[in-house]
*Asks:* 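There's a structure below that I have some questions on.
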Amino acid sequence: MSVRRDGGCACGAIRYRLTSDPLFTHCCHCLNCQRQTGSAFVINLLIEADRVEPLAGVAVPVDVPRDEGGKQRIFRCPTCQVAVFSEYGRPAVRFVRGGTLDDPSGVAPDVHIFTRSKLSWVGLPDSVPAFEVYYDTNALWPASSLERLEAAIASAGTDA
Ligand SMILES: [Zn+2]
Ligand SMILES: [Zn+2]
């Protein structure tokens with residue numbers, strides 16, 4: 001049973017609702033995420049873009065340079081500039097920032113990635129898979145999430 005997950009920015013102009021559970025939840029310790037958040041890591045809920053239902057406001061895309069070249073598109077509140085979600089080259093999937101949920105304690109990472117740049121004082125639980133860099137989606141994601149991803153990519157392709 002999926003729980004209701006609403007969230008938004010600091011000023012309240014942007015409000016959203018996730019209409020289902022996420023596909024998978026990342027805790028990313030990479031240097032890009034550290035710089036973008038000014039913190040130790042980011043929590044990203046990966047979910048189909050059409051399952052992020054806008055309740056108020058329109059988040060504005062900002063293209064942010066990444067260390068290895070290229071850009072990452074981060075969507076921010078136009079008023080208070082809080083980042084609510086991002087895209088990594090695939091608009092069908094949003095990476096919703098876990099800290100913008102009304103109840104951030106309602107989600108926990110399914111995987112820790114880019115632990116090669118994890119800050120040494122951050123301890124990780126043995127119960128959650130952790131990878132120096134990235135991981136094999138097919139090996140880690142539940143079958144239901146893989147099916148959802150395939151469907152999201154397919155429908156994005158025909159809409160384009
Ligand atoms: Zn705002
Ligand atoms: Zn990262």
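Just follow the structure's listing: the first ligand is 1, and inside any ligand the first atom is 1. What you see is a predicted model, and the numbers here were worked out from it, not measured in a lab. For this chain, numbers begin at 1 and follow the sequence in order.
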*Asks:* Are Val122 and His29 packed together at the side-chain level, in the sense that at least one heavy-atom pair is separated by less than 4.5 angstrom?
*Replies:*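 In short, these two side chains touch, coming nearer than 4.5 Å.
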
*Asks:* Are Arg15 and Asp102 ion-paired here, with the side-chain N under 4.0 Å from a carboxylate O?
*Replies:* yes

*Asks:* Would you say His26 reaches the Zn ion (ligand 2) with an N/O/S atom under 2.8 Å?
*Replies:* no

*Asks:* Any side-chain to backbone donor/acceptor pair from Glu132 onto Thr115? Under 3.5 Å, distance only.
*Replies:*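 Answer holds: no.
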
*Asks:* Do any N/O/S atoms of Cys28 come under 2.8 Å of the Zn ion (ligand 2)?
*Replies:*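 An N, O or S atom of Cys28 is closer than 2.8 Å to the Zn ion (ligand 2), so yes.
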
*Asks:* Take the Zn ion (ligand 1) as the vertex and measure to SG of Cys77 and SG of Cys11; round to 10°.
*Replies:* 110°

*Asks:* Testing the 3.5 Å rule here: is there a donor-acceptor pair between the side chains of Arg97 and Thr37?
*Replies:* no

